[in-house]
Undergrad: 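Sharing a structure below in structure tokens format, with a few things to ask.
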Amino acid sequence: MNNSNEFIDAAIPLPIEGPFTYSVPVPLRHGVSFGCRVLVPFRNKIRAGFVVGVGTTPSSSKEIKQVVDVPEEPPYLTPGLWEFIRWTANYYLLPVGLVLKTALPPGSDRKSKPWAVLTPDGRRWFGGMGDESGLTLPSKFLKAGVMLCKEMEDAIGARSLDDARKRGWVRIEERIARPRTSLRKQTLPELLDPAGSFHGPIEEPPPLVPDQETVFAVVRGAVQEGGFKPFLLYGVTGSGKTEVYLRAIGEVLARSKRALVLVPEIALTPQLARRFLRRLGGGLALFHSGLTPSQRLDEWRRIRSGMVNVVIAARSGIFAPLEGLGIIIVDEEHDPSYKQEDSCPYNARDMALARGKLEGVCVLLGSATPSFETFVNAQTGRLTRLDLPSRHHGGGMPKVELVDLRNTKGSDKTAAFITPQLTAAMKQALDRKEQVVLFLNRRGFDTFAQCRSCGHVFKCPNCDVSLTHHKRARDLRCHMCGYSQASPPVCPQCRGVKLFFGGVGTQKVEERLAEIFPDARIERLDRDSTRNAAALEGVLDRFRKKEIDILAGTQMIVKGHDYPGISLVGVLCGDLSLHFPDFRASERTFQMITQVAGRTGRATDSGKVILQTFDPDHEVIRHSASHAYEAFFQWDSSLRKELLYPPYGHLILVRIEGNSEKRVEEKAIRIGRAARLIKGDSREVMILGPAPAPRRKAVGRFRWQVLFKSASRNAVRNLVRSLMDEGHLKGHGLKIVADVDPIDML
Ligand code: ADP
Ligand code: ZN
């Protein structure tokens, strides 16, 4: 008998603290070890808990409940992962159970449901001749002996079930369903065999160019030496950063260590994964939000069991249960998709550094347009900066031609967006059988619908933003909550019949292009045209095979796609996102323009960019046109320094949401008042607000916020922590989230 397993501490994947101590009945003790799942009673349910401590003395003096069951399955958590989860909870001011829930694959946190169990008496009764009672039980139940109460009630009614229970034929038991085992689905069908292994030929790495050689030598040294070594790999688009990642991973694998690679979005994953597979062979796992829950669970198990050496993942992969890590790579580290919003806000980019530190490994953050946070860290020496200043083929950056939209005549703004300069350049590229990418940061056909007589603008009743007109479906849609209504024939305000659809969206662009270039193969890449991963892969695949001549799209087009055939990139309106009420609006715009411009001229020296703008003298436009990241950084960072915005100051945004604006407002005011009381005379933290959020209403909910800002990270955290401890950030029927290092300020 194993005495040391008499008590355990279990963490429960719910938005609560913990862990909680349970005793383990003797017959279950042999199965209990760190990280494994146990079924425990918790708040009148049986729930999954995860063992995070094993010992002989209970760490609390409260009444101790017993573990109900220990499913026979490999453990989930590792001590390292648990430490990382605790770090995350502490840093982001989140309950540890919530972070645990976020970290684990779906389905691992099931709670029990009531089941009906046939008793021996019941079996005897129904085994004989049971109809005297007038009660019949489903034959499926009699055969199996168990059934979900819910299912049974649907079949015979709640009253009959209760009757059977009273007669002692049926017992009700809280039970948890056994985890499903699913067949492994292929995420990369053409490269993996049904068992998930790779059979293609392994590609040889190309010889590195001198700059890559220099950078790689440093990374290799860091990997060989071991220990926490954070780097910024700052390399222009197409400079061969990915090639450096691959070499670094090769080095890690050669030392029998493992690699975790984070990429911004699923859109990037298929192409990148293929490149990785061809170079590294099997042992790769893809871990992203496009997987079904059972696929995620499968990938998690494969990783946890040690079958996987390289994980390529979107942000949630930061929790991948890889042991023996040798490197963490964050590609396109500036990408906002590393930030999870929602009720468990975290930033996987920042957490990569924390995990690297905990595990003592090398961390490589790569970008052509580093986030200010990362760039400042490199300036202060917290990260070591490695540069790839030119494209791997030695050619220059694509030439950017500015087109001033103010000088384009014509009443039709749509036609104006496809300017004569752009049309001419496109024609040239198409004549040479080269590909064109057009970028417009807007979906839909038009951006808004307005009455020409009274000026009424159609807005979403839930979100208070203007609705977007979708021509094909003939409706108006909200891009925030998905609300839609038919395009009205008359204005609801003045009954006017002249409705004007203003602005330009990708659909309208696509339609105009078809008129101008009737022979070209044109497709659109945005969230409307690619509802799912397969559709998206389809478009990218056709584009790669050069079955598409012109690809018009939104941000999705900006991401790190690597297609050598693109010779022209058109940015239809570079300043669309410049005037958002967000201190990162300039940074985002600069990133977007630079990244989309970087899609061209990747293989040869012939790329060209046409950047159209209403504001050609704006610093963001000027600097992005000349690929001058550092000049742009100088300009924008001085503004931020003055206002103590990140990375020079630290922010925590407390957002209060609810259905009743009055209650939201009242709560926000109370939080503001409490915060000022706690702060007292101290000038360390600034409290901004309470105020309605810039998006005052979203998805039918009202939103207010209080922003905390300080030069000291600890000061701002301590203040918000005190608010929490005093219970101010709870409210019935309200959602209150403290977002540490917020990204979405709207
Ligand atoms: P980045 O990740 O910086 O955008 P990539 O690593 O994708 O750049 O490189 C851009 C292109 O150049 C890719 O098609 C890649 O295969 C190619 N490339 C990169 N390094 C080399 C090299 N040393 N020799 C030959 N081709 C290279
Ligand atoms: Zn809406």
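Both ligands and their constituent atoms are indexed starting at 1 by order of listing.
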Undergrad: Show the nearest heavy-atom pair for residues Trp635 and Val620, with the distance to one decimal.
TA: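 Closest heavy-atom pair between Trp635 and Val620: CZ3-CG2, 3.8 Å.
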
Undergrad: For the aromatic rings, using the six-membered ring if either is Trp, is the centroid distance between Tyr91 and Phe84 under 6.0 Å?
TA: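 No, the ring centres sit 6.0 Å or more apart.
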
Undergrad: Where does Arg247 meet ligand 1, judged by heavy-atom distances below 4.0 Å: at the side chain, the backbone, both, or neither?
TA: neither

Undergrad: Side chain or backbone of Ser239 under 4.0 Å from ligand 1, or both, or neither, by non-hydrogen atoms?
TA: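 Both the backbone and the side chain of Ser239 come within reach of ligand 1.
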
Undergrad: List ligand 1 atoms under 4.0 Å from Leu208, heavy atoms only on the residue side.
TA: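 Counting from 1, the qualifying ligand atoms are 23 (N).
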
Undergrad: Of the choices Lys241, Arg599, Gln212, Glu332, which has the non-hydrogen atom that lies closest to atom 3 (O) of ligand 1?
TA: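 It is Lys241 whose heavy atom sits nearest to atom 3 (O) of ligand 1.
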
Undergrad: Looking only at heavy atoms, what is the nearest atom pair of Arg279 and Ile202, with distance?
TA: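 In this case the closest contact between Arg279 and Ile202 is O-CG2, 3.3 Å.
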
Undergrad: Are any of the N/O atoms in Gly238 less than 3.5 Å from those in ligand 1?
TA: yes

Undergrad: Only heavy atoms of Gly240, strictly under 4.0 Å: list the atoms of ligand 1 that pass.
TA: 1 (P), 3 (O), 5 (P), 6 (O), 8 (O), 9 (O), 19 (C)

Undergrad: Would you call Pro207 a ligand 1 contact, heavy-atom distance under 4.0 Å?
TA: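 Judged by the 4.0 Å heavy-atom criterion, Pro207 does count as contacting ligand 1.
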
Undergrad: Taking the six-membered ring of Tyr338, is NZ or CZ of Arg349 closer than 6.0 Å to its centre and within 45° of its axis?
TA: no

Undergrad: Are Phe375 and Tyr629 close enough that their ring centres sit under 6.0 Å apart?
TA: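 So the answer is yes for these two rings.
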
Undergrad: With heavy atoms under 4.0 Å as the rule, classify the contact between Ala368 and ligand 1 as side chain, backbone, both or neither.
TA: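 Contact part for Ala368 vs ligand 1: neither.
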
Undergrad: Decide whether a cation-pi geometry holds between Arg640 and Phe372; the criteria are a distance under 6.0 Å from NZ or CZ to the six-membered ring centre and an angle within 45° of the ring axis.
TA: yes

Undergrad: Could you tell me, atom by atom, which parts of ligand 1 come under 4.0 Å of a heavy atom of Val209?
TA: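 Per the distance check, 23 (N).
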
Undergrad: Nearest to atom 7 (O) of ligand 1 by heavy atom, Glu213, Arg275, Glu243: which?
TA: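 Of the listed residues, Arg275 has the closest heavy atom.
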
Undergrad: Could you tell me whether the side chain of Lys229 and the main chain of Gly226 form a donor-acceptor pair under 3.5 Å?
TA: yes

